[in-house]
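Counting starts at 1 for both ligands and their atoms, in listed order.
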Amino acid sequence: MENLNSLRKRGRSLHEMYINLKKTKRNMAIEFCAIGGYSEVGMNMCAFKINDEVIICDMGFYLPEVVRLQDEEIVKTTLTREDLIHLHVVPNDAVIKDWRAKVKAIILPHCHLDHIGAVPHLAEAYDCPIFGSPYTIEVLKSILKDEGVKLKNKLRILNGNDSVKISENITLEFLPIPHSTPQTMLAAFHTPEGIILYGNDFKLDNNPTLGPKPNYKRMKELGDKGVKLLVVDALYSHEEMKTPSELVAKEMLKDVMLGIEDKEHLVIVTTFASHIARLKSIIEFGRKMDRKIIILGRSMNKYISAAENIGLVYFSKEADIAKYGDQVRKKLQDVQKNPGKYLVICTGHQGEPRSILMRIATKELPYEFRQGDQVIFACKVIPAPINIANRAAMEAKLKQKGVRLFKDIHTSGHLAREDHHDLIELLKPKHIIPAQGDITILNPLADLAEELGYVRDKDVHVLKNGDSILIE
Ligand SMILES: [Zn+2]
């Protein structure tokens, strides 16, 4: 009996030793948690646990649900954090509740809403600073002001090609990289466990029209030093091509806009308010067309003001910007008197019911379309059912009035398969985690990695929201 008990005791202590050993090993590794954006396109958020410290990257909205709330005239600020999680508007960060006290920083590598829109609702649960480029932080400040939210988190600016120590053991470096909004960064974390690279939304554009080219030299240096983990935007990894440069979109715009000799009809261009490079090209050609340029709408004003505040562009010198209802109405009344003299830039490219273009089409705003007016869509429809339906409704309304439509004047801001191929060869990461979509979007990148010698579930990992894995 005595012997049996001591044997049991010894067995138990051996088991405890084994658990402790495993724990020590766990503590000495990188753990990755996919929080949002791994089961849908949008509401991006993930966390890296490096030894005993945690870094969060991105905190985004699920835009189709935000549009639905707007359609139903539900105001987000009246909803609680739990309501928003339940409604699938923001990521469910309960999966990292045990890591909450260990979070050292929230990193926002670019300003798109599907990457930063949830900050006003989720960030204050974490007692840590938020890092972003000057433009991202400027846009975030304006979102916080709009939503009437005052965060306790410090907002900290990090410029491209600069580094900052986040803790004793972790240094964050920002590498500027082209995307469809200014000052987008690749976030490189230098840690005792190796380099982690987070690149969720960018393209390898060798001819950007605003901002620098990719810093291939630095990327190669990091690759040579040893990248342990690369988390990368897989959105168009199924497209067998290299994503065309923004210069191609600029040439398409030039071709259409400078080809318009008509001096009697209104020309409207609609594009993404945050795509400052695209807006710059539109304004450049608008001036060459010798038309008076008018920019309409609150979101246009928001992103342009942010860019002007940090000295990136000065559109208000070249165009009239009308933000609020009365100003917008007044401008459109002027346009009605002599449409051929004007170029209007406004929101509505996804057919949003509350956008300027839709409100003109439904006569809520005082401009009456005439047969022969022209609308240029410098965008693609983001393929969510609500956008497809909204755009179809808008196009039907415009066509009814005899408006000419110029669609798909656009190039993407995301990598395609051949860019991924080059990127993987440049960085030579030990592990790859595809991001920015559900399994149908993540799989093609994992397939490509397999072709390049990676092994699925060993060094290329397809995850879904709520999954966490150990990177060894
Ligand atoms: Zn983006």
query: Angle at the Zn ion (ligand 1) between NE2 of His110 and ND1 of His112, to 10°?
result: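 Angle NE2(His110)-the Zn ion (ligand 1)-ND1(His112): 100°, rounded to 10°.
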
field: Vertex the Zn ion (ligand 1), arms to His179 NE2 and Asp201 OD2, rounded to 10°
entry: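 Rounded to 10°, it measures 110°.
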
- prompt: Would you say His414 reaches the Zn ion (ligand 1) with an N/O/S atom under 2.8 Å?
  reply: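 So His414 does not bind the Zn ion (ligand 1) by this criterion.
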
field: Ion pair check, Glu173 and Arg218, cut-off under 4.0 Å
entry: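 Here Glu173 pairs with Arg218 in a salt bridge, since their nearest N and O are under 4.0 Å apart.
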
query: Ion pair present between Arg417 and Glu451, side-chain N to carboxylate O less than 4.0 angstrom?
result: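 Looking at Glu451 together with Arg417, the answer is yes, because their closest N to O distance falls below 4.0 Å.
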
- prompt: After noting the C-alpha distance and the side-chain angles of Asp224 and Lys428, does the key distance pass the salt bridge (Lys or Arg N to Asp or Glu O under 4.0 Å) rule?
  reply: CA-CA 8 Å; Asp224 291 343; Lys428 306 180 284 287; 3.0 Å; yes

message: Regarding Tyr135 and Asn309, do their side chains bring together a donor and an acceptor under 3.5 Å, going by distance alone?
response: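 There is no such pair (donor and acceptor under 3.5 Å, judged by atom type) between the side chains of Tyr135 and Asn309.
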
